[in-house]
Every structure is written in structure tokens, then in C-alpha cells.
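These figures come from a predicted structure and were not determined experimentally.
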Amino acid sequence: MRPSPASPRHIALAALLFVAACAQVPKGPQPEALILQPASFAQLPGWRADNTAEALEPLQKSCALVARKDPAQDFGAAGKVADWLVPCAALEAVPAGDGEAARAYFETYFTPMRATSNGDADGLFTGYYEPSLRGARMRGGPYQYPLYARPDDLVTADLGLFLDSLAGQRVTGRVQQDAKGKIFVPYAKRAEIAALGVPARALAWVDDPVGAFFLEIQGSGRIELDDGTVMHAGYAIQNGHPYTAVGRAMRDDGLFAEDEKITMQKIRAWLSANPQTAQSVMNKNESYVFFEEREAEGAVGAQGVVLTPLRSAAVDRHFIAYGTPLWLDIESPEGPGMRIQRLVIAQDTGGAIKGPVRGDLFWGHGARAEEMAGVMQSRGGYWMLVPKNAAR
């Protein structure tokens with residue numbers, strides 16, 4: 001039966017009850033907001049000691065993409081694309097490898113802005129790296145765990161095409177047939193994909209399910225194939241479900257002590273030592289990453305450029321635009337009292353990187369990169385370098 005329209009009296013009563021209910025509900029936490037305060041280069045800890053020339057090449061990669069954008073387009077909190085045209089063009093005249101010339105370039109064209117989250121300058125900075133796995137293009141022998149390409153039935157919808165208020169928001173799912181016709185539903189979660197697979201080809205089959213899981217978290221990596229060649233696998237798309245940190249879930253389940261520092265190495269060791277239950281633990285992260293084979297020799301970030309070790313960082317794109325230089329002052333995982341004070345370029349993002357003062361430092365490839373990235377849980381903050389025209 002179709003419901004009858006509400007009378008004006010019912011509408012007024014509903015409105016009154018709604019207002020009364022709102023008055024009784026306590027306000028939640030204040031939404032995080034990026035607040036920038038002008039500073040000087042003299043205020044940047046360690047500015048004179050860093051070889052900022054190492055940041056020129058990654059900035060040039062980002063500037064090459066900026067040049068293709070509409071000058072009127074927003075550049076996050078760092079002005080408009082038009083504000084970046086002059087600094088990007090001036091890069092061509094900076095001698096490669098000249099630290100003093102690089103420092104003079106940044107001081108000439110940029111203004112440092114202290115970044116805070118609602119006034120709090122302290123945040124969490126983690127690390128990531130480019131892992132290596134052993135695999136083959138065909139399933140067989142020890143190679144039993146797939147790295148899937150994008151499934152044929154996975155669909156991404158741009159909600160801004162339907163409502164202007166939803167511009168920039170996307171949902172991922174698949175089209176399903178039911179008794180009433182075709183409907184759009186969420187895509188399969190990790191547990192279903194692990195158990196049933198997906199309608200997609202496998203780029204490669206690897207010998208380590210835990211390694212494959214961590215490859216998803218890192219976003220890209222190298223597959224050392226059984227024929228002696230190397231495949232570079234990069235992030236293609238994700239299944240649309242939110243990322244869950246399995247270390248936190250394992251602590252909640254009592255697998256780690258409440259006061260224990262959880263590192264990637266500890267998580268990997270536990271999962272490898274408990275193969276019967278490892279998949280159920282990994283399934284707590286319902287997010288699943290699909291890969292594509294890439295020609296680039298090196299990890300490629302979400303901006304589409306090859307990442308530079310210790311000069312590229314992943315950020316929350318809601319607050320920081322790709323290509324933005326950031327001056328870090330954070331704890332170093334190398335030892336107590338040591339700090340990372342260096343210039344990096346925002347060129348990537350990640351499911352766990354959420355908030356105005358949050359970052360993920362790319363360490364590169366190899367054993368040391370894996371070690372440092374795996375233990376990095378650093379506190380600290382950053383200054384955003386904004387073109388002087390945009391900072392006025």
C-alpha cells in the first residue's frame with residue numbers, strides 16, 4: 001500500500017521532535033582541518049643541512065604533470081595550478097646536484113607554511129617500501145597465490161556525475177542481476193576473493209600469501225619470475241572497501257599485548273608462523289588491491305610518477321595535492337634521538353594515510369628499506385612549501 005502524504009501537523013510535529021533530538025545529542029569531535037601558518041626558512045629545523053638538490057628530480061616529475069592541468073584548477077591548500085607555473089618553469093635553470101642553488105631556488109619561489117590539524121602540529125608518519133616476491137606467470141609448483149589484474153566486472157562510479165554536491169566522490173562495485181533487474185552492489189570483500197577468486201586474469205602467481213598481502217599494502221613491487229626476468233607490479237584499483245590495519249585488529253583479538261609496539265616484521269612473523277589462521281586474520285582487512293604490469297623500473301606512486309627513495313611521500317589528498325614539497329621534522333626509526341629533517345614531494349597516497357598531519361615516507365627497495373619502513377612509527381610534523389604568489 002502506498003503511504004498517504006503527511007499532513008502539515010504531522011510535518012510540524014516531526015520537525016519539532018527532530019530539533020529536540022538534535023538538542024539532546026552531544027556534539028561529536030571537531031572534523032579535522034588543515035590549518036597553515038606562514039613561517040620562514042630559518043624556522044625549519046635542519047634546513048641548511050639537507051641536500052635539497054635531491055628533491056629537484058622528483059619535483060620535476062610532478063611539475064611535468066602540473067603543466068598539463070587547467071591553470072584555474074585548485075592545487076589543494078597550495079593555491080591554484082597557475083601559481084605553480086613560474087616555480088616549475090624555473091626548475092630548468094637550477095644546476096643538478098648543486099645543493100646551494102637548490103636551496104636558493106626554494107627560498108626564492110616558495111614560502112614555508114607550518115601545517116597543523118586544528119592547531120595540533122604533531123602527527124604520525126610511517127614508512128613504506130618496494131617489496132620483492134618470487135613468482136611465475138603460470139600457476140604451478142610453489143606458485144599458488146594470485147596477483148590479480150583488474151576484474152572484468154569491477155565498476156567505478158563517479159557520484160559527481162549525478163549530484164554536484166558529491167563531486168570528487170566515487171564508489172566501487174559491480175552490476176548484479178536480481179528478480180527486479182540489474183542493480184549496483186558493493187564489490188566482494190577480501191574473504192570472498194580469497195575463497196572464490198574473481199573474474200580476472202592473474203598477472204603472476206607467487207609462493208607466499210603473506211608476501212602478496214603486504215605487496216597490496218605497499219602498493220607496488222617486484223616479482224622475480226622463474227624465467228629470470230623481473231615483473232614490476234603496480235596498483236591498478238581497489239575493491240572499494242575501507243582499509244583496516246591488521247596489526248590493530250590482532251591486538252584487539254589478543255594476539256599482541258596492549259602495550260606492545262606492533263611492527264610489520266612482527267605481523268609478518270606471526271602470519272607466517274600460523275598458516276592455518278593467517279587468512280582469517282588477513283581477511284579482517286576487507287580492502288583488496290588489484291595490480292597492473294608496468295614498464296617503469298621502480299615503484300610508481302598514485303600521481304603516476306616513479307617514486308624517489310626518501311624524497312617521495314604518501315599523503316591524504318583531501319588536504320595535500322600531489323607535487324607539493326613538504327619539509328619533514330619527524331622522529332627517525334634509526335635510533336632514539338635521531339630525526340628525519342628533509343624535503344620530500346607528495347606523490348602518492350594510501351588507504352591508511354588519513355588526516356592533515358599524516359604521512360608515509362617511501363624508503364625504496366632492498367633489505368634496509370624493508371627494515372626501516374617496517375618499524376617506522378614516527379611522531380612529528382611538516383611545513384608545506386607554497387608558491388609565494390599563493391601564500392600572499
Side-chain angles (χ1 to χ4, degrees), residues 124-131 133 144-151 154 156 170-174 185-198 200 202-203 206 208-221 233-258 260-292 299 301-302 314-317 348-355 358-360 362 370 373-377:
L124 174 65
F125 292 79
T126 49
Y128 67 118
Y129 70 106
E130 184 186 19
L133 282 79
Q144 297 293 320
Y145 308 99
L147 299 180
Y148 285 118
R150 177 175 180 150
L154 188 147
T156 299
R170 295 176 179 270
V171 292
T172 301
R174 61 186 178 88
V185 298
Y187 205 75
K189 299 176 181 179
R190 175 178 297 278
E192 183 180 346
I193 294 172
L196 303 176
V198 290
L203 292 180
V206 298
D208 179 9
V210 176
F213 177 74
F214 277 92
L215 178 63
E216 290 184 50
I217 295 174
Q218 303 305 316
S220 63
Y235 174 98
I237 198 167
Q238 180 253 11
N239 65 343
H241 292 279
Y243 173 87
T244 298
V246 293
R248 188 177 303 118
M250 293 170 77
R251 172 180 283 159
D252 292 342
D253 289 346
L255 302 179
F256 291 119
E258 282 293 327
E260 185 175 358
K261 182 179 179 180
I262 303 175
T263 65
M264 181 189 71
Q265 287 86 343
K266 289 182 179 180
I267 297 171
R268 290 196 65 159
W270 192 97
L271 293 173
S272 297
N274 296 273
Q276 293 78 18
T277 54
Q279 187 61 56
S280 63
V281 172
M282 292 187 287
N283 288 345
K284 292 180 181 295
N285 176 24
E286 297 177 346
S287 172
Y288 193 98
V289 170
F290 303 102
F291 293 93
E292 61 186 12
V315 297
D316 187 339
R317 283 198 69 199
D348 204 359
T349 192
I353 313 304
K354 303 294 184 185
R358 177 73 172 90
D360 207 17
F362 179 66
E370 180 177 357
V375 300
M376 184 172 175
Q377 296 178 29

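In this structure, the side chains of Val206 and Leu215 stay at 4.5 Å or more apart for every pair of heavy atoms. Side-chain contact between Glu292 and Arg150 is absent, with no heavy-atom pair separated by less than 4.5 Å. Using a 4.5 Å cut-off on side-chain heavy atoms (C-beta onward), Ser220 and Tyr235 make no contact. Counting heavy atoms from C-beta outward, Asp348 and Val315 have side chains that stay 4.5 Å or more apart. A heavy-atom distance below 4.5 Å is not found between the side chains of Pro131 and Glu370. Counting heavy atoms from C-beta outward, Ile217 and Tyr128 have side chains that stay 4.5 Å or more apart. By the 4.5 Å heavy-atom criterion applied to side chains, Val171 and Thr156 are not counted as neighbours.
With sequence neighbours excluded, no residue forms a salt bridge (Lys or Arg N to Asp or Glu O under 4.0 Å) with Arg358. Remark: Lys189 engages Glu286 in a salt bridge (Lys or Arg N to Asp or Glu O under 4.0 Å) (not counting sequence neighbours). Residues that satisfy the salt bridge (Lys or Arg N to Asp or Glu O under 4.0 Å) test with Glu260, not counting sequence neighbours, are Lys266. Residues passing the salt bridge (Lys or Arg N to Asp or Glu O under 4.0 Å) test with Asp208, sequence neighbours excluded: Arg268. Under the side-chain hydrogen bond (donor to acceptor under 3.5 Å, both in side chains) criterion, Gln279 pairs with Asn283, not counting sequence neighbours.
In this structure, the side chain of Arg174 does not engage the main chain of Leu154 through any donor-acceptor pair within 3.5 Å. Of the possible polar contacts, none joining the Asp360 side chain to the Ala314 backbone as a donor-acceptor pair under 3.5 Å is found. Remark: side-chain polar atoms of Asn285 are not paired, donor with acceptor, to backbone N or O of Val246 under 3.5 angstrom. When atom types are taken as modelled, the side chain of Ser280 and the backbone of Thr277 share a donor-acceptor pair closer than 3.5 angstrom. Between the side chain of Gln218 and the backbone N or O of Tyr129 there is at least one donor-acceptor pair closer than 3.5 Å.
Interatomic distance, Tyr187 OH to Ile237 CD1, rounded to the nearest 0.5 Å: 10.0 Å. Summarising the geometry, atom CE belonging to Met282 is positioned 9.0 Å from atom CD belonging to Glu216; distances are rounded to the nearest 0.5 Å. We find the CZ-CG distance between Phe291 and Leu147 to be 6.0 Å, quoted to the nearest 0.5 Å. Between the CE atom in Met250 and the CG atom in Asp253 there is a gap of 8.5 Å [rounded to 0.5 Å]. How far CD of Gln238 is from OG1 of Thr172: 6.5 Å, rounded to the nearest 0.5 Å. From Met264, atom CE reaches atom OG1 of Thr126 across 11.5 Å, with rounding to the nearest 0.5 Å.
The shortest heavy-atom contact between Pro209 and Tyr145 is CD-CE1, 3.4 Å. Heavy atoms only, all atoms of each residue included: Leu133 and Gly211 are closest at CD2-C, 3.6 Å. Heavy-atom minimum distance, Pro146 versus Ala202: CB-CB, 4.0 Å. When all heavy atoms are compared, the tightest approach of Gly355 to Asp316 is N-OD2, 2.8 Å. Closest of all the heavy-atom pairs between Ser272 and Pro275 is O-CD, 3.7 Å.
Residue pairs meeting the ring-ring contact (aromatic ring centres under 6.0 Å, His included) criterion with at least one member in residues 263-284, sequence neighbours excluded, do not occur.
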Query raised in the report: Passes side-chain contact (heavy atoms from CB on, under 4.5 Å), Leu255 versus Val281? Steps please.
Result: CA-CA 10 Å; Leu255 302 179; Val281 172; 4.3 Å; yes

Report task. Evaluate the criterion side-chain contact (heavy atoms from CB on, under 4.5 Å) for residue pair Ser287 and Asn239; output intermediate values, then yes/no. Result -> CA-CA 6 Å; Ser287 172; Asn239 65 343; 4.1 Å; yes

Query - side-chain contact (heavy atoms from CB on, under 4.5 Å) evaluation trace for Gln265 with Val375 - result: CA-CA 7 Å; Gln265 287 86 343; Val375 300; 3.7 Å; yes

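Taking the six-membered ring for Trp and thresholds of 30 and 60 degrees, Tyr288 and Tyr148 have ring planes inclined between 30 and 60 degrees apart.
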